[in-house]
Amino acid sequence: QVQLVESGGGLVQAGASLRLSCAASGRTFSSYAMGWFRQAPGKDREFVAAISWNGDRTFYADSVKGRCTISRVIGNNTVFLQMNSLKPEDTAVYYCAAGPVYGGVSTEYRYWGQGTQVTVSS
C-alpha cells in the first residue's frame with residue numbers, strides 16, 4: 001500500500017514559480033514510477049510529468065516542457081514538481097500518482113494523492 005500527500009500549491013501571479021511536493025509512505029514506493037497529473041475545472045485530468053522508479057528517465061507533456069522539472073528523492077520518499085514561468089492556463093488541481101508502469105496514462109497509476117490547488121492569476 002502506498003499513500004501520497006501533495007503540498008506546495010497556492011495562488012501566484014503569471015510568471016511566478018512553485019514547487020509541488022508529494023510525500024509517499026509505503027515500502028514499495030521506491031519501486032514505483034511517479035507521475036504528476038492535473039485537472040482544471042470542466043476538463044479531463046491530463047498528464048503533466050513522469051519519472052521512472054530510479055529517477056533515470058523523465059518525460060513531460062508538451063504544454064509544460066521546458067518550464068517544469070520532476071525529480072524524486074528515494075531516501076525520503078518524496079517527489080517534486082518544480083514549475084517555472086507559470087501561466088493562467090496552468091491553473092488546476094495537481095495530483096501525484098504512483099504505479100508500476102512508467103508512462104503518461106492515468107489508468108496505469110495505482111495510487112493517487114488528494115491533490116493540491118494551483119491558481120495562476122494574469
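Quick note: numbers below take in every heavy atom, side chains included, and nothing from hydrogens, waters or symmetry partners.
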After noting the C-alpha distance and the side-chain angles of Leu86 and Gln13, does the key distance pass the side-chain contact (heavy atoms from CB on, under 4.5 Å) rule?
CA-CA 8 Å; Leu86 283 163; Gln13 291 188 329; over 6 Å; no

Quick note, side-chain hydrogen bond (donor to acceptor under 3.5 Å, both in side chains) partners involving residues 64-74, not counting sequence neighbours, are Asp62-Lys65, Arg67-Asp90

Does Gln3 have more than 12 heavy atoms from other residues, nucleotides or ligands lying within 6.0 Å of its CD?
no

So with a 6.0 Å cut-off around CG of Asp56, is the heavy-atom count from everything else above 12?
yes

Can you tell me how far the [atom1] atom of [X] sits from the [atom2] atom of [Y], to the nearest 0.5 Å?
| X | Y | atom1 | atom2 | value |
| --- | --- | --- | --- | --- |
| Leu18 | Gln82 | CG | CD | 8.0 Å |
| Leu81 | Met34 | CG | CE | 11.5 Å |
| Glu6 | Cys22 | CD | SG | 5.5 Å |

May I have all residue pairs that pass ring-ring contact (aromatic ring centres under 6.0 Å, His included) and include part of residues 99-122, sequence neighbours excluded?
Tyr32-Tyr111, Phe37-Tyr109, Phe37-Trp112, Phe59-Tyr102

Looking only at heavy atoms, what is the nearest atom pair of [X] and [Y], with distance?
| X | Y | result |
| --- | --- | --- |
| Asn84 | Ser17 | OD1-OG, 2.9 Å |
| Ala50 | Gly103 | CB-O, 3.6 Å |
| Pro88 | Ala14 | CD-CB, 4.1 Å |

With clusters defined by side-chain heavy atoms of hydrophobic residues (ILVMFWY) lying less than 4.5 Å apart, directly or transitively, does Val2 cluster with Trp53?
no

State yes or no: do Phe80 and Phe47 share one hydrophobic cluster built from I, L, V, M, F, W and Y residues joined by side-chain heavy-atom distances below 4.5 Å, directly or via other members?
no

Can you run down the disulfide bond (SG atoms under 2.5 Å apart) pairs that involve residues 43-95, sequence neighbours left out, and say none if there aren't any?
none

Are side-chain heavy atoms of [X] and [Y] found at a separation under 4.5 Å?
| X | Y | result |
| --- | --- | --- |
| Met83 | Leu20 | yes |
| Ser63 | Arg38 | yes |
| Tyr95 | Val48 | no |

Does any N or O in the side chain of Thr116 come within less than 3.5 Å of the main-chain N or O of Tyr94, such that one atom is a donor and the other an acceptor?
no

